[in-house]
**Q** 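Can you keep this structure in mind? I'll have questions shortly.
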Amino acid sequence: MIIDERMLADHGARIKGDYTISGVPLNTHYHQGVRQSGFTLHSQEPGLKMIELTVLFFGKDRPEIDQRKSLFDGMLFGKNELCLDGYFYTVFCSSIGGSLYQGECLCESTYQFTGYKHGRLKKVTGNTLYCESTLPYTDCRVSVAASKAASSYRVGGITYRNVKAGEKLVADGICKRILINGTPAADRAEWFRFPTLVPGKNIILCDDTVTVEYYPVYF
């Protein structure tokens, strides 16, 4: 298990036995009229997985165990990366358990996390690419260097204004920002949503060759 690239062993701890990873809940909005057998499906979006695991903390005495657990707990605030069963999970901690002591040198605590399953970062150059994800939509980062100046320059569903030749344009759907030459420049772009990929074949409309980065996401 890895949390922000730091091993549990650094905290004098390890996972106890098995852990639980839920399926993906579906957030569904629909309408069924009065005295009607059918329904109208308005929207359906995948939610986040729930992960529950128990951590064992070791030490020479209870004060040392408590200190190690406290340091570990404090590290869990914000986004974290878990590495379990060969995959990565981007998560936030939704519950920190108490301490169940077993003698003077060991205690266990249960933690719950909420997040999504993904693979390693993929980087593809080309306006046609294959997305390995199985979830319906995948956040991505689309970068391109403009080959010539243009008052209006389109990259997928984003239109940049007053672009100069050589400027590097980045639509970052992962971190949710628009950059030009590395500087925030949302005021020079028009868009309805940040770029995403669908499973399988994708085409990015642009006069120049783009580079796409994404983390494959899975059910």
Side-chain angles (χ1 to χ4, degrees), residues 1-7 21 24 27 43-49 51 78-92 113-219:
M1 174 181 177
I2 300 174
I3 300 181
D4 283 344
E5 299 184 354
R6 295 182 62 185
M7 301 298 293
I21 302 176
V24 175
N27 303 319
S43 66
Q44 192 170 51
E45 300 291 338
L48 298 174
K49 291 175 174 286
I51 301 171
K79 277 188 177 182
N80 282 285
E81 289 292 317
L82 302 184
C83 182
L84 300 167
D85 63 16
Y87 289 95
F88 295 94
Y89 296 81
T90 298
V91 300
F92 61 87
F113 299 90
T114 303
Y116 62 92
K117 179 180 181 179
H118 67 87
R120 295 184 182 276
L121 181 68
K122 302 287 184 179
K123 186 174 183 179
V124 182
T125 298
N127 295 34
T128 299
L129 69 147
Y130 183 89
C131 176
E132 299 178 9
S133 299
T134 58
L135 286 181
Y137 299 100
T138 301
D139 296 339
C140 67
R141 180 184 299 116
V142 181
S143 306
V144 65
S147 61
K148 59 183 178 181
S151 58
S152 179
Y153 186 93
R154 183 181 178 188
V155 183
I158 297 177
T159 300
Y160 296 87
R161 296 189 301 270
N162 302 319
V163 172
K164 300 176 182 177
E167 284 190 316
K168 184 176 181 180
L169 316 174
V170 179
D172 191 344
I174 299 175
C175 297
K176 305 298 185 284
R177 56 185 184 170
I178 300 293
L179 304 174
I180 296 181
N181 296 329
T183 302
D187 59 328
R188 289 182 56 190
E190 296 177 359
W191 75 100
F192 290 107
R193 62 181 62 88
F194 284 99
T196 58
L197 303 173
V198 298
K201 184 178 179 180
N202 291 258
I203 298 175
I204 310 294
L205 297 177
C206 183
D207 290 338
D208 296 306
T209 301
V210 303
T211 296
V212 179
E213 298 170 271
Y214 73 98
Y215 293 93
V217 289
Y218 308 108
F219 280 99

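Owing to the predicted nature of the structure, the values given are computational and were not obtained by experimental measurement.
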**Q** Which residues pass the salt bridge (charged side-chain N to carboxylate O under 4.0 Å, His left out) test with Lys201, not counting sequence neighbours?
**A**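 If we apply the salt bridge (charged side-chain N to carboxylate O under 4.0 Å, His left out) test to Lys201, skipping adjacent residues, there are no hits.
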**Q** Given side chain to side chain contact (heavy atoms under 4.5 Å, CB included), test Phe113 with Asn80 step by step and report yes or no.
**A** CA-CA 9 Å; Phe113 299 90; Asn80 282 285; 5.6 Å; no
**Q** Check Pro199 against Ser133 and note the closest heavy-atom contact, atom names and distance.
**A**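 Heavy atoms only, the tightest pair is CB-O, 3.3 Å.
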**Q** Under the 3.5 angstrom rule, does the side chain of Arg154 hit a backbone N or O of Leu205 as a donor-acceptor pair?
**A**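 Not confirmed, Arg154 side chain does not pair with Leu205 backbone.
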**Q** Would you compute the distance between atom CG of Leu197 and atom CG of Leu135 and round it to the nearest 0.5 angstrom?
**A**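 Here the interatomic distance stands at 12.5 Å.
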**Q** What distance separates Leu48 CG from Phe92 CZ, expressed to the nearest 0.5 Å?
**A**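 Separation between the atoms: 6.5 Å.
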**Q** Atom CG in Asn181, atom NZ in Lys164: separation rounded to 0.5 Å?
**A**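 These two atoms lie 9.0 Å from each other.
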**Q** Might you point out which heavy atoms bring Val142 and Cys140 nearest each other, and give the distance in Å?
**A**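 Smallest heavy-atom distance, with atoms named: CG2-SG, 4.0 Å.
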**Q** Quick check: do Ile204 and Val144 have side-chain heavy atoms less than 4.5 Å from each other?
**A**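 With C-beta onward as the side chain, the pair stays apart.
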**Q** State the CD1-CD distance between Ile180 and Glu167, to the nearest 0.5 angstrom.
**A**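 Between Ile180 CD1 and Glu167 CD, I get 5.5 Å after rounding to 0.5 Å.
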**Q** Where is the tightest heavy-atom contact between Gly47 and Asn27, given as atom of each residue plus distance?
**A**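 Where Gly47 meets Asn27 most closely, the heavy atoms are CA-ND2, 3.8 Å.
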**Q** What I'd like to find out is whether the side chain of Asp139 reaches to under 4.5 Å of the side chain of Phe194, using heavy atoms alone.
**A**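 Heavy-atom side-chain distance check fails, nothing below 4.5 Å.
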**Q** Take Asn127 and Cys206 through the test side chain to side chain contact (heavy atoms under 4.5 Å, CB included) and record every step on the way to the result.
**A** CA-CA 7 Å; Asn127 295 34; Cys206 183; 3.9 Å; yes
**Q** How close do Ala146 and Val163 get, counting heavy atoms only, and between which atoms?
**A**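 Smallest heavy-atom distance, with atoms named: CB-CG1, 3.5 Å.
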**Q** Give a yes or no on whether Arg161 atom CZ has more than 12 heavy-atom contacts from other residues, nucleotides or ligands under 6.0 Å away.
**A**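 It does: Arg161 CZ has more than 12 such atoms within range.
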**Q** Please set out all donor-acceptor pairs under 3.5 angstrom arising from side-chain atoms of residues 209-219, sequence neighbours excluded.
**A**
unit_1 : atom_1 : unit_2 : atom_2 : d
Thr211 : OG1    : Thr125 : OG1    : 3.3
Tyr214 : OH     : Tyr130 : O      : 3.4
Tyr214 : OH     : Glu132 : N      : 3.1

**Q** Tell me, yes or no, whether the heavy-atom count around Tyr116 atom OH, taken from other residues, nucleotides or ligands under 6.0 Å, exceeds 12.
**A**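 Counting other residues, nucleotides and ligands, OH of Tyr116 exceeds 12 neighbours.
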**Q** Quick one: OG on Ser143 to NZ on Lys123, what's the gap to the nearest 0.5 Å?
**A**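 Nearest 0.5 Å value for the OG-NZ distance: 7.5 Å.
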**Q** Got a second to check how far Lys122's NZ is from Leu129's CG, nearest 0.5 Å?
**A**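 That separation rounds to 12.0 Å.
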**Q** Would you indicate whether the side-chain heavy atoms of Glu190 and Ile158 approach each other to under 4.5 Å?
**A**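 They are not in contact (no side-chain heavy atoms under 4.5 Å apart), so the answer is no.
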**Q** Within a strict 4.5 Å, meaning less than it, do heavy atoms of the Gln44 and Pro136 side chains meet?
**A**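 The answer is no; the side chains never approach within 4.5 Å.
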**Q** Does a side-chain heavy-atom distance below 4.5 Å link Leu179 with Pro184?
**A**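 Yes. Closest side-chain heavy atoms under 4.5 Å.
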**Q** Would a 4.5 Å heavy-atom cut-off, applied to side chains only, mark Phe88 and His118 as touching?
**A**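 Yes - at least one pair of side-chain heavy atoms lies under 4.5 Å apart.
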**Q** Please examine the side chains of Ile178 and Trp191, heavy atoms only from C-beta on, and report whether any two atoms are closer than 4.5 Å.
**A**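 Yes, side chains in contact.
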**Q** So, for Ala189 and Tyr160, which heavy atoms are closest and what is the spacing to 0.1 Å?
**A**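 Shortest heavy-atom separation between Ala189 and Tyr160 comes out as CB-CD2, 4.1 Å.
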**Q** Would the number of heavy atoms belonging to other residues, nucleotides or ligands and lying under 6.0 Å from CG of Asp208 be above 12?
**A**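 It does: Asp208 CG has more than 12 such atoms within range.
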